[in-house]
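Treat the numbers as computed from the prediction; the structure is a model and nothing was measured.
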Amino acid sequence: MKAILVHTPGGPEQLQLADVPIPTPGPGQVLIKIAYIGVNYIDTYFRTGLYKADPPIAIGMEASGTIEAVGAGVRNLAPGDPVAYCMARGSYADYAAVPAWQTVKLPSGISLDTAAAALLQGMTAHYLTHSTFSIKAGTTALIHAAAGGTGLLLVQMAKLLGARVIATCSTPQKAELARQAGADDVILYKDQDFAAEARRLTGGRGVDVVYDSVGAATFHKSLDSLRPRGMMVTFGNASGPVPPVEPLLLSQKGSLFLTRPTLAHYAATEEEFQWRASDVLNWIALGRLRVHIFKTYPLTDAAQAHRDLEGRATTGKLLLKP
Ligand code: NDP
């Protein structure tokens, strides 16, 4: 089968197509014939070496497809089932053998492309709004990169929970998408001082929580956007990783809370994984959440997909097709 591997961490050109054997599902695993692959920003971190793995590095954390075979001990899934999975690396391929507990059978009405577009980023939005910071009616949330794959789902989920959402993004076209997802206010953070705007929009108080996936470029102004005892959730590095921070800074800025969460720790058990995954897919089936697919690229164009994502040229979700 074909798979994309990285032998030397670096630019998009390091995503190289290779011929590798179809994997055999081990105990507790399922073999999936992949239909659609979800592209996530984390794929670029493994490609560049920001996140470490031993070469050759298998890229991709998410896909949908059909069960081809099951390993010993798998009882809840069977050949032919339409499924999606996330959080096991190596999805840029024709087939993947992955743990059954990280695989979810698709409810009727959920297509394979929607599932591959929704699972990882939807589960991320789920834990950020339900568990890292529990959004309630009346919470004011500042959400950066709101027209991105994760951002559009995060805005919608925060709104479902009753938040007032102040969103940021880079262009008027992206602002329109953020508004369609439910954002109450949108700040163009390349043109405007988003901390000053967030304070103005909250009558000087500051927001209750900031969801910051941009990282280095926005970190300090995000702290400046918070009310005293507000929570800073820094969960990504799209502009580069956040440099070290002195705890005293959090005191000076208003006894703030700071957390740097990752989905792996919020979907760590089968029960937690399946809870978040089924909420996301059921809400889509019910029409409560909408998924915005930017483009589906052939697997052989994975490098172009990475260039577009890192070039801020995309909105919503990018998919690859084997
Ligand atoms: P997006 O679709 O959000 O794409 C990234 C967006 O970030 C861009 O479109 C751009 O939006 C914005 N951005 C701001 N500055 C830059 C920059 N210098 N270079 C590139 N992009 C920039 O990607 P994803 O939804 O896949 O991921 C979003 C973030 O969430 C990533 O940082 C990712 O690592 C993180 N993430 C974290 C998880 C976790 O559990 N911790 C899980 C899933 C995602 P604009 O043009 O509007 O500024």
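Considering all non-hydrogen atoms of both residues, Gln274 and Trp101 come closest at NE2-O, 3.1 Å. Summarising the geometry of Ser225 relative to Ala198, their closest heavy-atom pair is CB-CB, 4.1 Å, with the distance given to 0.1 Å. Across Val291 and Ala118, no two heavy atoms sit closer than the pair CG2-CB, 3.9 Å. Pairing each heavy atom of Tyr92 with each of Gly38, the nearest pair is CE1-O, 4.3 Å. Heavy atoms only, all atoms of each residue included: Pro79 and Ala69 are closest at CG-CA, 4.4 Å. Nearest approach of Ala146 to Val155, heavy atoms of both residues: CB-CG2, 3.9 Å.
Applying the 6.0 Å contact sphere to CZ of Arg205 captures more than 12 heavy atoms from other residues, nucleotides or ligands. Applying the 6.0 Å contact sphere to CD of Glu271 captures no more than 12 heavy atoms from other residues, nucleotides or ligands. The number of heavy-atom neighbours closer than 6.0 Å to NE2 of His7, taken from other residues, nucleotides and ligands shown, is above 12.
Remark: side-chain polar atoms of Ser213 are not paired, donor with acceptor, to backbone N or O of Gly236 under 3.5 angstrom. The closest donor-acceptor contact from the side chain of Tyr45 to the backbone of Asn237 lies under 3.5 Å. Within the 3.5 Å criterion, the main-chain N or O of Val165 finds a donor-acceptor partner in the side chain of Asp184. Counting only distance, with no hydrogens or angles, the side chain of Glu197 and the backbone of Asp193 share no donor-acceptor pair below 3.5 Å. Panel note: side chain Lys159, backbone Ala183; no donor-acceptor pair is recorded below 3.5 Å. Using modelled atom types, no side-chain atom of Asp279 and backbone atom of Arg276 make a donor-acceptor pair closer than 3.5 Å. One N or O on the side chain of Arg290 and one on the backbone of Gln180 form a donor-acceptor pair closer than 3.5 Å. Under the 3.5 Å distance criterion, the side-chain polar atoms of Ser239 are matched with a main-chain donor or acceptor of Ala217. The closest donor-acceptor contact from the side chain of Gln156 to the backbone of Leu152 lies under 3.5 Å. Within the 3.5 Å criterion, the main-chain N or O of Asp224 finds a donor-acceptor partner in the side chain of Arg199.
At least one side-chain heavy atom of Phe133 sits under 4.5 Å from a side-chain heavy atom of Thr139. Between Asp208 and Met231 there is no side-chain heavy-atom pair separated by less than 4.5 Å. Within the 4.5 Å cutoff, the side chain of Leu160 has heavy atoms near those of the Arg288 side chain. Side-chain contact between Asp308 and Tyr297 is present, with at least one heavy-atom pair separated by less than 4.5 Å. A 4.5 Å side-chain heavy-atom check between Leu128 and Tyr266 finds every atom pair outside the cut-off. The closest side-chain heavy-atom distance from Ser170 to Leu188 is not below 4.5 Å. At least one side-chain heavy atom of Ile37 sits less than 4.5 Å from a side-chain heavy atom of Pro322. Between Glu310 and Pro12 there is a side-chain heavy-atom pair separated by less than 4.5 Å.
We find that Asp94 and Lys33 are not joined by a salt bridge, their nearest charged nitrogen and carboxylate oxygen being 4.0 Å or further apart. Electrostatic pairing of Arg164 and Asp185 counts as a salt bridge here, judged by a charged N lying under 4.0 Å from a carboxylate O.
With Phe46 as the aromatic partner, Arg89 meets the cation-pi criteria of under 6.0 angstrom to the ring centre and within 45 degrees of the ring axis. A cation-pi arrangement is found for Lys321 relative to Tyr36, the charged atom lying closer than 6.0 Å to the ring centre and inside a 45° cone about the ring normal.
Cluster annotation: Ile135 and Ile143 are assigned to the same hydrophobic cluster (Ile/Leu/Val/Met/Phe/Trp/Tyr, side-chain heavy-atom contacts under 4.5 Å, transitive). No single ILVMFWY cluster, assembled from side-chain heavy atoms under 4.5 Å apart, contains both Phe219 and Tyr211. By the criterion of side-chain heavy atoms lying less than 4.5 angstrom apart, applied directly or through intervening Ile, Leu, Val, Met, Phe, Trp or Tyr residues, Leu142 is not grouped with Leu177; the two fall into different hydrophobic clusters. Hydrophobic cluster membership differs between Leu250 and Phe257, with clusters built from Ile, Leu, Val, Met, Phe, Trp and Tyr side chains linked at under 4.5 angstrom. Connection of Phe235 to Phe194 is not established within any shared hydrophobic cluster, with ILVMFWY side chains joined at heavy-atom distances below 4.5 Å, either directly or through further cluster members.
If you run side-chain contact (heavy atoms from CB on, under 4.5 Å) between Cys86 and each of Leu120, Val104, Val98, Thr103, only Leu120 comes through.
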> Could you go step by step and tell me if Ile59 and Leu15 meet the side-chain contact (heavy atoms from CB on, under 4.5 Å) rule?
Replying inline: CA-CA 8 Å; Ile59 302 291; Leu15 296 170; 4.0 Å; yes
> What do the steps show when you test Leu5 against Gln16 for side-chain contact (heavy atoms from CB on, under 4.5 Å), and what is the final call?
Replying inline: CA-CA 5 Å; Leu5 298 175; Gln16 285 168 9; 5.9 Å; no
>> Walk me through whether Met123 and Glu62 qualify under side-chain contact (heavy atoms from CB on, under 4.5 Å).
In response: CA-CA 12 Å; Met123 288 175 69; Glu62 170 178 45; over 6 Å; no
>> side-chain contact (heavy atoms from CB on, under 4.5 Å) for Lys295 and Leu318? Distances and angles first, verdict last.
In response: CA-CA 5 Å; Lys295 187 171 168 182; Leu318 287 66; 5.6 Å; no
> Stepwise, does the side-chain hydrogen bond (donor to acceptor under 3.5 Å, both in side chains) test hold for His306 with Thr44?
Replying inline: CA-CA 7 Å; His306 278 213; Thr44 71; 5.8 Å; no
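In this structure, the separation between CE on Met87 and OG1 on Thr262 is 5.5 Å, given to the nearest 0.5 Å. The distance from atom CG of Asp81 to atom CD1 of Ile32, rounded to the nearest 0.5 Å, is 10.0 Å. With rounding to the nearest 0.5 angstrom, the CD atom of Gln121 is 5.0 Å from the CG atom of Asn40. In this structure, CZ in Arg227 is found 9.5 Å from CG in Leu256, a value given to the nearest 0.5 Å. We find the CG-OG1 distance between Leu319 and Thr114 to be 8.5 Å, quoted to the nearest 0.5 Å. We find the CG-CD1 distance between Leu320 and Ile4 to be 7.5 Å, quoted to the nearest 0.5 Å.
Ring orientation note: the planes of Trp283 and His126 are close to parallel, at an angle under 30° on the 30°/60° scale.
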